[in-house]
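Note on naming: letters A, B, ... go to the chains in the order of the sequence lines (proteins, then strands), and numbering restarts at 1 for each one.
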There are 2 protein chains.
Amino acid sequence: MIHQRECPVETVIQVLGGKWKPMILWQLIASKQRFNDLEKLIPDVSQKMLSQHLRDLEREGIVDRTVYPSVPPKVEYSLSEYGKTLIPVAEVMCAWGAAHNKQKNEEKEESAS
Amino acid sequence: MIHQRECPVETVIQVLGGKWKPMILWQLIASKQRFNDLEKLIPDVSQKMLSQHLRDLEREGIVDRTVYPSVPPKVEYSLSEYGKTLIPVAEVMCAWGAAHNKQKNEEKEESAS
DNA sequence: CGGTATCCCTCTAGATACTG
DNA sequence: CAGTATCTAGAGGGATACCG
């Protein structure tokens, strides 16, 4: 499938390539979350970046945003049906990334000995 | 396989996340290339970025750099055996990215009509 | 041929403060 | 609760020039 000059690998990197986007995606794969929940689940993210990344993912059609008109306001973010097509992609990336990290750690231990 | 707080998806994005890295990878999957060949194959890349990205990929063990001590100098870049483990990952990403681009184009055409 | 070195600019992300 | 606005720092990348 890699047969074009403009490789769409870049597309995936753009969609997933914000600092917190993989983490957000991973949390939403587990289950839908409120804004505040995501803030707690991803300790170091700022409100600004969380909001911005969620809006990016929403614009790509990956995340659904549901507003409940209550007081206090309640907003739920969830993986859309389309967003679920990203799960197998994320799994493959995750597997290679985990193996790669493991190998790099082993290299570090070798050089330390 | 997505079952940890620190999702290694980020690792893949870091490894492949330079502006020209997917393109470089794609060219090296096709066949080994000299520095100058890559410059021609990737029209808009600067020498600086090509060099830098190649060094990044080399450090990650994905690309092999072979220097032939001749005059004029000759350097060949090729995908390492380890680097080949990235091919299936790139294929999955490529497939999703292509489908995503296609869908976004269709949306644009709809709104234009 | 196959690079480095330097300068500059833009874009992302963080900190902080404020709001419906 | 769920954001937006503003300012700033730092990394990534481009242009240009030079080198073994």
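- Place Ser46(A) and Glu76(B) on DNA chain C by their nearest nucleotides, and Glu76(B) ends up nearer the 5' end.
- Atom pair Gln47(B):CD and dG13(D):P shows a separation of 17 Å (rounding to whole Å applied).
- In this structure, of dG14(D), dG3(C), dC1(C), it is dG3(C) that holds the atom nearest to the side chain of Val75(B).
- The separation between Leu50(A) atom CG and dT16(C) atom P is 18 Å, rounded to whole Å.
- Of all nucleotides listed (dG14(D), dA2(D), dG14(C)), dG14(D) comes nearest to the side chain of Lys19(B).
- dG14(C) atom P lies 13 Å from atom CD of Glu39(A), rounded to whole Å.
- Distances shown here put a side-chain N or O of Arg55(A) below 4.0 Å from the OP1 or OP2 atom of dG3(D).
- Looking at Ser80(B), its side chain does come within 3.5 Å of a backbone N or O of Gly83(B) through a donor-acceptor pair.
- dT4(D) atom C1' lies 12 Å from atom CZ of Arg65(A), rounded to whole Å.
- Proximity note for Pro73(B) (side chain, C-beta onward) versus dG3(D), dG14(D), dG20(D): the nearest is dG20(D).
- Between the P atom of dA15(C) and the CG atom of Asp44(A) lies a distance of 9 Å, rounded to the nearest Å.
- One interatomic measurement links the two molecules: NZ of Lys74(B) to P of dG2(C), which rounds to 9 Å at whole-angstrom precision.
- Using a distance-only test at 3.5 Å, with no hydrogens or angles considered, a donor-acceptor pair links the side chain of Asn101(B) to the main chain of Gly97(B).
- Atom pair Gln52(B):CD and dG13(D):P shows a separation of 7 Å (rounding to whole Å applied).
- OP1 or OP2 of dT4(C) lies within a sub-4.0 Å distance of a side-chain N or O belonging to Ser51(B).
- Atom CD1 of Ile13(A) is separated from atom C1' of dT12(C) by 16 Å (rounded to the nearest Å).
- Aromatic ring orientation, Tyr82(A) versus His100(B): parallel (interplanar angle below 30°, classes split at 30° and 60°).
- Contact annotation: His53(A) side-chain N/O to dA13(C) OP1/OP2 distance is under 4.0 Å.
- Residue Tyr77(A) places at least one side-chain N or O under 4.0 Å from the OP1 or OP2 atom of dG3(D).
- Considering only side-chain N and O atoms, Arg34(B) lies under 4.0 angstrom from the phosphate OP1 or OP2 of dG2(C).
- Under the 3.5 Å distance criterion, with hydrogens and angles disregarded, no donor-acceptor pair is assigned to the side chains of Glu76(B) and Ser78(B).
- For dT16(C), the OP1/OP2 oxygens have no side-chain nitrogen or oxygen of Lys48(A) closer than 4.0 Å.
- For Ser70(B) (side chain) and Pro73(B) (main-chain N/O), no donor-acceptor pair under 3.5 Å exists by modelled atom type.
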